[in-house]
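First listed ligand is number 1; within each ligand, the first listed atom is number 1. This structure is a prediction, so every number in the text was calculated from the model and none was measured. In this chain, residues are counted from 1 in sequence order.
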Amino acid sequence: MLNIVIFGAPGSGKGTQSERIVEKYGINHISTGDVLRAEIKNGTELGKTAKGYIDQGQLIPDSLMIDILASVFDSFKDSKGVIFDGFPRTIAQAEALKVMLRERGQEVSVMLDLEVPEDELMVRLIKRGKDSGRADDNEETIKKRLNVYHSQTAPLIDWYKAEGQYRHIKGLGTMEDIFADICKEIDAVAGK
Ligand code: AP5
C-alpha cells in the first residue's frame, strides 16, 4: 500500500506532480483544494462556507476539513494507495490522517516536501491566475496564503521528520527532473 503525502507551499507543484504520480503508480488522488473548488462550483452549502475562507487565503477549519477528507478516503477502500495533495495542512490534520490510516492497518509511506523559493511561487501563481482565472491567485491573496503556509503548515516538516517519513525534493527545475527525483523516493519506499 502506497500512501503519499505531497507537501509544499502554494504553487510548489503539488497538483502538477500528483497527476504524474497517479499515472505512473496507479494510486488514487485526493486534492482537498479540488474537492472544495468542486463544491463551490456546484453551489453547495459546503462550497459556500469554503469560499469564504479560500477567498481570504485562510484554511478551512480542521474539524470540517477532516470530515471531508474522511468521506473521500472512505470511497477508496480497495485502492492500491492514495496521494494526499493539500492535506494535511495542520498538525491536527496530520494526527487525524495517522489515525485514519492506522484504522486500516496502514501508514504514510512517504511525505514529499517540494521546496520552491518564494519569488518563484509568486511568479507561478500570478501567471496561473491570469491564465485560469483562479480566484485566489491574486497578489494580495497569495501573500495571505504564504503567511498561512509559514505559520500553520510548515510546522508539519518537523512533525513528519519525527515520524521518519520526511523527504526533501528540490521543486525548482523542469517538471520532468522534479518527477524523476520524486520517483526515486517513491521507489525506495515501495521497495522497487
Ligand atoms: P489548494 O488547491 O491545495 O492550493 P495550494 O496549496 O495553495 O496549492 P496550489 O494548487 O496553488 O499549488 P500546487 O502546489 O498544487 O501547484 P500546481 O501544481 O498547481 O488549496 C486552496 C485553498 O483551499 C487553500 O488556500 C485553503 O483555503 C483551502 N484548503 C485546501 N486544503 C485544505 C486543508 N487541508 N485544510 C484547510 N484548508 C484547505 O502548480 C502551480 C503553477 O505552477 C501551475 O500553473 C503549474 O503549471 C506551474 N508549475 C508547476 N511545476 C512547475 C515547474 N517545475 N516549473 C514551472 N512552473 C511549474
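- Not a single heavy atom of Asp131 lies less than 4.0 angstrom from ligand 1.
- Listed by atom number, the atoms of ligand 1 under 4.0 Å from Gln93 heavy atoms are 33 (C), 34 (N), 35 (N), 36 (C).
- Close contacts of ligand 1 with Gly86, meaning ligand atoms under 4.0 Å from a residue heavy atom, involve 31 (N), 32 (C), 33 (C), 34 (N).
- By the criterion of a heavy-atom distance under 4.0 Å, the side chain of Leu36, and not its backbone, is placed next to ligand 1.
- With sequence neighbours excluded, no residue satisfies ring pair (Phe, Tyr, Trp, His ring centres under 6.0 Å) with Phe87.
- Atom 5 (P) of ligand 1 has as its closest protein heavy atom Arg89 NH2, 3.3 Å.
- Heavy atoms from both the backbone and the side chain of Lys14 come within less than 4.0 Å of ligand 1.
- Using a 4.0 Å cut-off between heavy atoms, Arg134 contacts ligand 1 through its side chain alone, with no backbone atom that close.
- For the 3.5 Å distance criterion, the side chains of Thr44 and Glu39 qualify, holding a donor opposite an acceptor.
- A donor atom on one side chain and an acceptor atom on the other are not found under 3.5 Å apart for Lys144 and Gln58.
- Under the 4.0 Å criterion applied to side-chain N and carboxylate O atoms, Arg167 and Asp113 are not assigned as salt-bridge partners.
- For ligand 1, the atoms closer than 4.0 angstrom to any heavy atom of Gly15 are 13 (P), 15 (O), 18 (O).
- Ligand 1 lies nowhere less than 4.0 angstrom from a heavy atom belonging to Gly8.
- Ligand 1 has Ser12 within reach: a non-hydrogen atom of the residue lies less than 4.0 Å from it.
- For Lys127, no heavy-atom contact with ligand 1 is shorter than 4.0 Å.
- Of the protein's heavy atoms, Ile54 CG1, 3.9 Å lies nearest to atom 22 (C) of ligand 1.
- Within ligand 1, counting atoms from 1 as listed, the ones closer than 4.0 Å to a heavy atom of Ala9 are 14 (O).
- Below 4.0 Å from some heavy atom of Gly173 lie the following atoms of ligand 1, by number and element: 52 (C), 53 (N), 54 (N).
- In Leu125, the part holding a heavy atom less than 4.0 Å from any atom of ligand 1 is the side chain.
- A salt bridge between Asp34 and Arg37 is present, with a side-chain N of the basic residue lying under 4.0 Å from a carboxylate O of the acidic one.
- Which parts of ligand 1 touch Thr32 is read off a 4.0 Å heavy-atom cut-off, strictly below it: atoms 30 (C), 31 (N), 32 (C), 34 (N).
- Residue Ile178 touches ligand 1 through its side chain alone, judged by heavy-atom distances below 4.0 Å.
- Looking at residues two or more places apart in sequence or on another chain, you find no salt bridge (Lys or Arg N to Asp or Glu O under 4.0 Å) involving Lys24.
- For ligand 1 and Gln58, the ligand atoms under 4.0 Å from any heavy atom of the residue are 26 (C), 27 (O).
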